[in-house]
Every structure is written in C-alpha cells, then in structure tokens.
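Notes follow once the structure below has been shown.
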Amino acid sequence: MARVTVTGGTGVLGRALVPRLLSDGHEVTALTRRQAAEVPDGAGRMVGDLASGDGLEAAVSGAEVVVHLASQPFRPARVDVGGTRALIEAVKRCGGGPHLVYVSIVGVDQIPWPYYKRKRQAEVLVSGSGLPFTIQRATQFHDLVLMAMASAARAPFLVVPAQTSCQPVDVADVAERLVQVVGSGPVNGFGADLGGPQILDAADLARDVLAGLGARRPVTRVRVPGRVGAGFRAGHHLAVGTARGARTWRGYLEDRCSAEPGVLQLPYTGRRVRIRRR
C-alpha cells in the first residue's frame, strides 16, 4: 500500500476519495487550505495553498502518489495552472518521483471555454513534468449540475443550452476509478474517459431539478454562440465508447432531495433550498 497525498482532499470529490483510499489500506494525507476542515478518521491533514505555494513541500514529502483534485473555476489561472506548476515544483524540490494523478474534464482539448483551456494547460504541465503520471478525465459531476440548475431556478424561467446533451457522473464512481489508478500505477498518459451511465438533454436535467424542488418554471432553450457552444452541441464533452459509472442522475437527485425533509442543501455552496411539495 502507498503513502498518498490528495490535494483538494476535503472537497466534493476528495470527501468521496479519501475514505476509499483508506479502506484500501493506503496511508492518506488530505491537503486543504482550511485548518478547521474535517478529514475522515485515519487520514492525515496538511494545511497548504496551491495558489501561494505555502505548505506544499511538507504535504508531498515522502508521498508515493499525489492525487491532484484541487481546482478553482473562478481562479483557474492562479489555482489550476499556477497551483499545478507549484505542486510539481514542490515535488521536485523534495527529490522524489511520486505517481502524479491529475483529474481533468472530458473535452478540455476541444472546447475553448476559458476554464477548460486552463485545465488543458494543467494537463500539459503534468505530462511534461518528468514525473510518472496519469491524467484521468471525467464528465461533469452530478453535484455540479444540481448546483447550477437549482441556482438558475431562482429566476422566473430556467435557461439551458439548446441542442446540448449532458452525461453527469457521480463522484463515487470517479473516486472508485481513482482508487484503481492509484493501485495500478502510472500509465504516463491518459486513462480512459469516465462518464455517467446516461446521456440526457440539458432541458430534461433542468425539468428533473424543478420537479425535485416542486418548483414551476418554464425551461427555455437558448443557442450558445461561437466555438464553445458548437463544441458542446457536437458532444465533445461526452465520454462515449468507454466504461461508464453506475449511479444514475435521477437516482442521485432522488437521494439528495430526500436526505433532509423539506430542504435540499446544494453541493459546493451549502445553500439550503426549500422543497415545495405539491
């Protein structure tokens, strides 16, 4: 079993991954920016900041595997690109050669969305680092789709991209794939893309969220212009022809909406939304 450091170890994916690594017998340290962040029993905690580089050397020293999950869609140049560079430099200063596992997104090399472009830059840094590595791409998480749709549902109508399908995947399925990657060792390239078990129209996802919240809103399809919209309409963000996760979108949504009577707590933001029963 390996000594594993997980950046973003207390985030949405990190909270699913760390317990699975522990149950597999690995010695796990979660890197987090917050001193008060909770980590699962049996895991170590190191406080560090990818954006500033503080604490990174201590976090990766002695690690045999570094699983890099941390990301910041609103500050990708500083965290996803600069932070990945700082992480690689910290590993090299420690003099080790751990397996660097980087989690990315399906389609970052084909859809020129600014966040995706930064994720692609981070992939290039990882592949050119000289370290043994694996890049694992996944489709968007159930949690992100739910947060985005439920937040948009505050408006009088819910806007979704026209002619666009989605393939949300559960973080538990991504975590299981990452456990396999850690156990099998570096491929010095890309693992097979991982997506959810269903490909669904964006409008259907929106209607599912509205139904779960008991909200009545019209769903309006809007054609997204430019190369970004064309890339999503072409399905470049979908994982077709590869193994898929097991948990369905509607199964996930039902579990989230029934977790607390009358209230849905949104992923990422923690915002609590009242569920209206008809």
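Distance check, rounded to the nearest 0.5 Å: CG of D193 to NE2 of H237 gives 12.5 Å. Between the CZ atom of F190 and the CD1 atom of I135 there is a distance of 4.0 Å, given to the nearest 0.5 Å. Interatomic distance, NZ of K92 versus SG of C94, reported as 13.0 Å (0.5 Å rounding). Annotation: the span from L125 atom CG to L100 atom CG amounts to 10.5 Å, rounded to 0.5 Å. Rounded to the nearest 0.5 angstrom, R256 CZ and L146 CG are separated by 6.0 Å. Rounded to the nearest 0.5 Å, atoms CD (E123) and CZ (F133) are 9.5 Å apart.
Side-chain N or O atoms of D173 include one that pairs as donor or acceptor with a backbone N or O of A246 at under 3.5 Å. In terms of modelled atom types and a separation under 3.5 Å, the side chain of T7 and the main chain of L69 share a donor-acceptor contact. A donor-acceptor contact shorter than 3.5 Å links the side chain of K119 to the backbone of V103. At least one donor-acceptor pair under 3.5 Å links the side chain of S184 to the backbone N or O of Q180. The closest donor-acceptor contact from the side chain of R177 to the backbone of A192 lies under 3.5 Å. Listed for the R233 side chain is a donor-acceptor partner under 3.5 Å among the backbone atoms of V224. In terms of modelled atom types and a separation under 3.5 Å, the side chain of T32 and the main chain of A37 share no donor-acceptor contact. For the pair R217 (side chain) and A155 (backbone), a donor-acceptor distance under 3.5 Å is present. In this structure, R3 contributes its side chain and V28 its backbone to no donor-acceptor pair below 3.5 Å. Side-chain atoms of T134 come within 3.5 Å of backbone N or O of V187 as a donor-acceptor pair.
Looking at every heavy atom in both residues, G196 comes nearest to V169 through N-CB, 3.5 Å. The two residues A90 and L56 make their nearest non-hydrogen contact at CB-CB, 3.7 Å. Closest non-hydrogen pair, P19 versus P40, comes out as CG-CG, 3.9 Å. Closest non-hydrogen pair, G8 versus A70, comes out as N-CB, 3.8 Å. Counting all heavy atoms, side chain and backbone alike, P218 lies closest to P156 at CD-O, 3.4 Å. Shown here for A239 and G195, the closest heavy-atom pair between the two residues is CB-N, 3.8 Å.
Residues V81 and R78 form no side-chain contact, since every pair of their non-hydrogen atoms from C-beta on lies 4.5 Å or further apart. Contact check for L87 versus V60: side-chain heavy atoms found under the 4.5 Å cut-off. The shortest distance between side-chain heavy atoms of L21 and V179 falls below 4.5 Å. Considering only heavy atoms from C-beta on, R274 stays 4.5 Å or farther from L213 through its side chain. A heavy-atom distance below 4.5 Å is not found between the side chains of D143 and L266. The side-chain heavy atoms of Y115 and F74, taken from C-beta on, include no pair separated by under 4.5 Å. Between L200 and R250, some side-chain heavy-atom pair lies under the 4.5 Å cut-off. The side-chain heavy atoms of L31 and R45, taken from C-beta on, include no pair separated by under 4.5 Å.
S127 and Y102 form no side-chain donor-acceptor contact under 3.5 Å, judged by distance and modelled atom types alone. D201 and S165 are not linked by any side-chain donor-acceptor pair at a separation below 3.5 angstrom, with hydrogens and angles left out of the test. With 3.5 Å as the limit, one finds a donor-acceptor pair spanning the side chains of R223 and Q163. Checking D109 against Y116 by side-chain atom types alone, no donor-acceptor pair falls below 3.5 Å. For T139 and Q167, the side-chain atoms include no donor-acceptor pair closer than 3.5 Å.
V47 is not connected to L50 by any chain of hydrophobic side-chain contacts under 4.5 Å among Ile, Leu, Val, Met, Phe, Trp and Tyr, and they are in different clusters. Put simply, V182 and V39 are part of two different groups of oily side chains (I, L, V, M, F, W, Y) that touch within less than 4.5 Å, one to the next. Cluster annotation: V174 is connected to V18 through the hydrophobic network of ILVMFWY side chains, with a link wherever side-chain heavy atoms come within less than 4.5 Å. V65 and L13 end up in the same hydrophobic cluster when Ile, Leu, Val, Met, Phe, Trp and Tyr side chains are linked at under 4.5 Å.
No more than 12 heavy-atom neighbours from other residues, nucleotides or ligands sit within 6.0 angstrom of CD on E38. Residue-environment remark: CZ (R33) stays at or below the threshold of 12 foreign heavy atoms within 6.0 Å. Around atom CD of E27, no more than 12 heavy atoms belonging to other residues, nucleotides or ligands sit under 6.0 Å away. Counting heavy-atom neighbours within 6.0 Å of Q265 CD, excluding the residue itself, gives a total above 12. No more than 12 heavy-atom neighbours from other residues, nucleotides or ligands sit within 6.0 angstrom of CZ on R227.
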Please test I105 against Q140 for side chain to side chain contact (heavy atoms under 4.5 Å, CB included), starting from the C-alpha separation and ending with a verdict. CA-CA 7 Å; I105 305 169; Q140 297 291 354; 3.9 Å; yes
Worked verdict on R244 versus L194 for side chain to side chain contact (heavy atoms under 4.5 Å, CB included): CA-CA 6 Å; R244 299 184 179 186; L194 179 63; 5.5 Å; no
Check the pair D24, R20 against side chain to side chain contact (heavy atoms under 4.5 Å, CB included), reporting the backbone distance first and the verdict last. CA-CA 6 Å; D24 231 33; R20 285 167 170 79; over 6 Å; no
Please report the C-alpha distance between L210 and L158 in whole Å, then the side-chain angles of each, then the deciding distance to 0.1 Å, and finally whether the side chain to side chain contact (heavy atoms under 4.5 Å, CB included) criterion is met. CA-CA 9 Å; L210 291 170; L158 206 161; 4.0 Å; yes
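The aromatic rings of Y252 and H142 lie parallel to each other, with less than 30° between the two planes, well short of the 60° mark.
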